[in-house]
Amino acid sequence: MAEAAHAPSHAAGAPHSATGIDSRKLLMWIFLASECLFFGALISTYLIFKGDIPFPPASFIADHLHGGEVTGWFPSDRIGPDGTEYAGVLNIPVTSASTFVLLMSSVAMVLAVFGAQNGRPKMMKTWLFATMLLGILFLGFQVFEFHEFGAEGLNLSTNQFGASFFVLTGFHGAHVTVGVLMLGSILIGSMRRTGLGPDSGFHVETVGLYWHFVDVVWIVIFTIIYLIPA
Amino acid sequence: MATAAGALAPPAVQAPSGVWSWLTTVDHKRIGTLYGISGMSFFVLGGIEALLIRSQLAVPNGDVVDADRFNALFSMHALTMIFLGVMPLGAAFFNWLVPLMIGARDVAFPRLNALSYWFFLAGALMLNASWLPGDAPDTGWFAYAPLTEAPFSTGRAMDFYTVSLIILGTSSLIASLNFIVTIINLRAPGLTMFRLPVFVWMTMIVSWLLVLSLPVLTVGLVQLYFDRNFTTNFFIQEGGGDPILWQHIFWIFGHPEVYVLILPAMGIVSEVLPTFARKPLFGYAAVVFAGVAIAVLGFAVWSHHMFTTGLGPVPRVVFSATTMTIAVPTGVKIFNWLGTLYGGNIRFTTSMYFAVAFIATFTIGGISGVMHASPPIDSQQQDTYFIVAHLHYVLFGGAIMGIFSGIYYWFPKFTGRFLSESIGKLHFWLFFIGMNLTFFPMHFLGVSGMPRRIYTYDAGFGWETWNFVATVGAFTIAAGMLTFIWNFFRSLREEPNAPDNPWDAPTLEWATSSPPPEHDFDAVPLVRARDPLWHDRDNGLAQPEADPNEHIHLPPPSYYPLLIAVGFALMGIGALSHLAVLALGVVVVVYGVWGWVLEPTGPEPAAGAH
Amino acid sequence: MRLDLLRRRRLIATAAILVLGLALAACSDPQSTVNPKSDHADTINDVYIIVFWLALVVFVGVLGATLALSIWFRERPGRVANQFHGNRRLEVVWTLIPVVILVAIFVPTVAAISDLEPDDEVDLPANAIVIEAIGHQWWFEFRYPGLGIVTANELHVPVDTPVRVTLKSDDVIHSFWVPQLAGKVDMVPGRTHAIQFTPNEARDEAYLGQCAEFCGTSHANMRFRVFVDDRATFDAWVANETADAVPVESLSALAQEGGALFTSYVLAVGATPCIGCHTVKGSLASGVIGPNLTHVGSRSTLFSGIRDGFEGAESADRVQRELERWISNPDDIKPGVTGRPNGGMPAWGELLSTEQITAIAAYLRELK
């Protein structure tokens, strides 16, 4: 982002700031505030439809009967009034693992920021790379999960659970992807001869803010979708 | 008032000329001008749409336009006026004035600023491109489901709607982030928050409203797009969805949006009235707190747009209470403006005419608003011309009158020339008489049972007279607009020799030349009190001298904002046509972002990093 | 502007009286919202009157102050502006006064909301009339489940009797609004809402209603009428509506021809026949996509309130022509009907001969 054109600064490097907070960091914080509302609206939509999933039509049941259970309709196991068994699509053990992976990526991020802020470029690069890997691993879990659900019969148009689940977690995954791209950019930037420059601590910290936010959103999503029963 | 007279000007940066300089500008003043010209042009377009509407409704069973065309006209009239007229005109003032008023030389992120303008233009052109295949959105600006879904809306009109609004929303979001950071961080020495001009406060409040409301609209638009293109059923009842969910999502954005539309005008009027009354604004703190209260409460009233949709009695009571509560801070502002006039020595320039008329016409709009804050009354007024009267009194009688007050006030600052006062007064009277002729009778039409959004009506309902009067009023407004355009172009041909502070106004933008140099201020001002120029004048103080050795670093122009906007527009077009175009758009955006990040922004290469 | 104070005041007073006078004329307009004829509309109007007068006081106060201050404090040579810019007591007062005014509006509002809540069906008095209104693009379907009536665009209710209308929609959101009898409530697909009122004035003239939520191309044309009858008239109407259609044998020759066409299985290749969409009770026609036409010839309006219908024997020619025009091309009268998403009516003018259309129109006209 361009440096603001403003009063001559007397401290070398640091741009003028009436509050002492770097403008770019402030920008990220306010952007994250808007992201709270964005995910809030998606999560609200999910909550509104969550308790209201009707039983599937007979045609769906016929097409999705596997091993005596109907798959691809409800989030968790149900037994219908006529005794039909429905296998829930959510796989809590697997998703717990992916949640752990994302949490660990935040730990890695903290270490990367530490390295950047304390003049330890090797530490910074190592942990940036680790954060990226863990983020990509999380995305891998998501792709796997989406594929599994699709195979079981749950997609965007199946029912309201499908629609709101995929839109919510899909957009979260898109945010993780953008985060991975940002991490990659910083990593590449840090490998130039000039590195990231005197501002490197700041840049890594700002991306770290975004990354932690995306992680926190996932904690909320995981809790609401997977841990709280319908 | 002190200027930097006598100090050596810093190394001259010639204001560049030529089309390319405008396409790559990151200067807040130029971006303000771009927003202003665009906003005014689309305001005229929206006005033409209105004239067609009024021509059709002038007499019963009119045949100026057919039903489908009329439905597109009223939908596009609202979308154009709100998103392409009032909002960019507000942005024009934010851009021009906020850095000047806080003693900064630009906003915090100049390239981001340019980006928000080009995104705006892309969205505006895309929305209006829908006219070409005859697919302009025609389900109202509020686009209630399931009318917007298959099988009821089958062309691409609603896809133009969702995609354009997503682009426009992104533009406003980016601009809002920029202004909040600017106002918080770039204030001149001594400029505490409670010394800020009210206009700057309103800019900040509006920016927060947008930051928090636009994401919700974006989610709704995405869901509607998915319903229409990816077979989800968010708002389709047969698939398990809920049409009322769209209304909640839309109005959680839509209500704060109306405060976005009015608060800038309130800010303008809060600057104009004290200057021409020659006394400080009455109750500055109350006016600021009232603005904050309106913004916060603005998130708590959205369902008053839904009183007739079958909400139970409890939600109706609650939202009625919150809606009535908002009238209190609004009233406080009105009384404070009147208190500003009291005891003054009022100079009635054209700008002051608009500002004083604003108080009157906005109040009328506020009064009718309180009426439909009562659900039982609203059950008779909702979806009638009574609401049309209300909304036009607050939007035309409020926002537009305020904006024109600002235009007459700051025109000398922006261009170095004065708009003619005599032509301006003619413009004012045509607008004032025209708007009252157009919209006051609509109260009667509403009371008389005329619903809104109807392309025609029969004789025998008692609606003929007032509809005809309203049409006459609309053409009177049009005459006023022509008068203004004449005034504008005529004034531009004059010599630009306006003084720094022709109105003897108190705020910092008047402490530099008219128009300001590219670097805004020769020396960064020192602020000792609210209304700094009056304080300096009354206490015989001078502003700091410019430092002849200071090297003022201005951010260089950049074509990446334009490029990224082109890419984003391609993504939008791709969302309406082919995946390949969408992919191309993504490539352009990524390339643009990469270039932006690596672009040097100052003399030292190190400063060009992320 | 240099109008002096007195002249300005006189001008404003004259304008106000003129405007008020003309505004009061709104009371007599047929779809007026301030001419209540039921308990429900009365309750609303009572709140409105309170709010209206409070609004007028605020209007005169604020606008008067604006004008007065502008005139009193306009610049004069030698005048210096008084630089005061705050007065805590004044600010508190002018914050509290609006609160008081708003409470004065809020209290009757809450009372009215409570009063206007429709009773649960089980709590209705025995003589209450229960109606089911279903909104379609662009007509109103009305059913009286207790009486076995299905009709369209025209309601009859007995005076001084509670009427409970449930509101549904078959396609998009509509709104049921007959201002002299009740406020509006939306008809939302997938939901059932209700509205309740007791009309208090029987009269020959209809009460006018209109759809009040934008619902597509012909939203403007979606109107209906409510007749508040004395008991005898209402009973007669019920008797007629519950009966089967007029027997074909008693119709004119032309109408019988039309009837045969109307009830045929195939009227034109590729086009849904009349019986596919319309019902004429007692005949083959039992379609439910379009309005029930069993007694269409006796309705006071045609095509959901936008054309005059039956008004006695002398209206026969006019009704005949309107029906012919409609059957030939409904879009000509009500744009959008042929392309209606949930089932459009064909433009029979392209598929049938003029004589056939004349006959069908005569048949419908005679379905009293």
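All values reported here derive from a predicted model rather than from experimental measurement. The chains referred to below are lettered A, B, ... by the order of the sequence lines, with proteins before strands, and numbering in each begins at 1.
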salt_bridge(R452(B), E213(C)) N-O dist < 4.0 Å: no
For the student: nearest non-hydrogen atoms of T95(C) and V328(B), plus distance: CG2-CG1, 3.7 Å
Test log, rule ring-ring contact (aromatic ring centres under 6.0 Å, His included), inputs F74(B) and F214(C): CA-CA 11 Å; F74(B) 79 70; F214(C) 182 70; 5.1 Å; yes
Residue L281(B) versus chain C: region with a heavy atom under 4.5 Å: backbone
Contacting moiety of L445(B), where chain C heavy atoms sit under 4.5 Å: neither
Residue selection (most heavy-atom pairs with chain C, distance under 4.5 Å) from Y284(B), F152(B), Y455(B): F152(B)
CE on M222(C) to CD1 on I454(B), rounded to 0.5 Å: 13.5 Å
Modelled atom types, side-chain donor and acceptor of Q380(B) and W177(C), under 3.5 Å: yes
Polar side-chain atom of T33(C) near backbone of V447(B) as donor-acceptor pair, under 3.5 Å: yes
side-chain hydrogen bond (donor to acceptor under 3.5 Å, both in side chains) assessment of D68(B) paired with T217(C): CA-CA 6 Å; D68(B) 284 326; T217(C) 307; 2.9 Å; yes
Sole residue of N45(C), D115(C), I44(C) in side-chain contact (heavy atoms from CB on, under 4.5 Å) with P376(B): I44(C)
N82(C)-Y342(B) side chain donor-acceptor pair, cut-off 3.5 Å: no
Portion of F142(B) that has a non-hydrogen atom of chain C nearer than 4.5 angstrom: side chain
Side chain to side chain contact (heavy atoms under 4.5 Å, CB included) between I364(B) and F59(C), worked out: CA-CA 7 Å; I364(B) 295 176; F59(C) 172 84; 3.7 Å; yes
Toward chain C, the part of P313(B) with a non-hydrogen atom under 4.5 Å: both
Contacting moiety of W463(B), where chain C heavy atoms sit under 4.5 Å: side chain
Greatest number of heavy atom pairs closer than 4.5 Å to chain B - which of I173(C), I97(C), L116(C), T192(C): I173(C)
Region of T465(B) that comes under 4.5 Å of a non-hydrogen atom in chain C: neither
Whether F335(B) and W94(C) hold their rings parallel, tilted or perpendicular, with breakpoints at 30° and 60°: tilted
Heavy-atom pair of closest approach, residues P189(C) and P146(B): CG-CG, 3.8 Å
pair F52(C)-M371(B): side-chain heavy atoms closer than 4.5 Å: yes
A373(B), part contacting chain C, at a heavy-atom distance under 4.5 Å: neither
Most chain B-contacting option - heavy-atom pairs closer than 4.5 Å, from V99(C), I306(C), N87(C): N87(C)
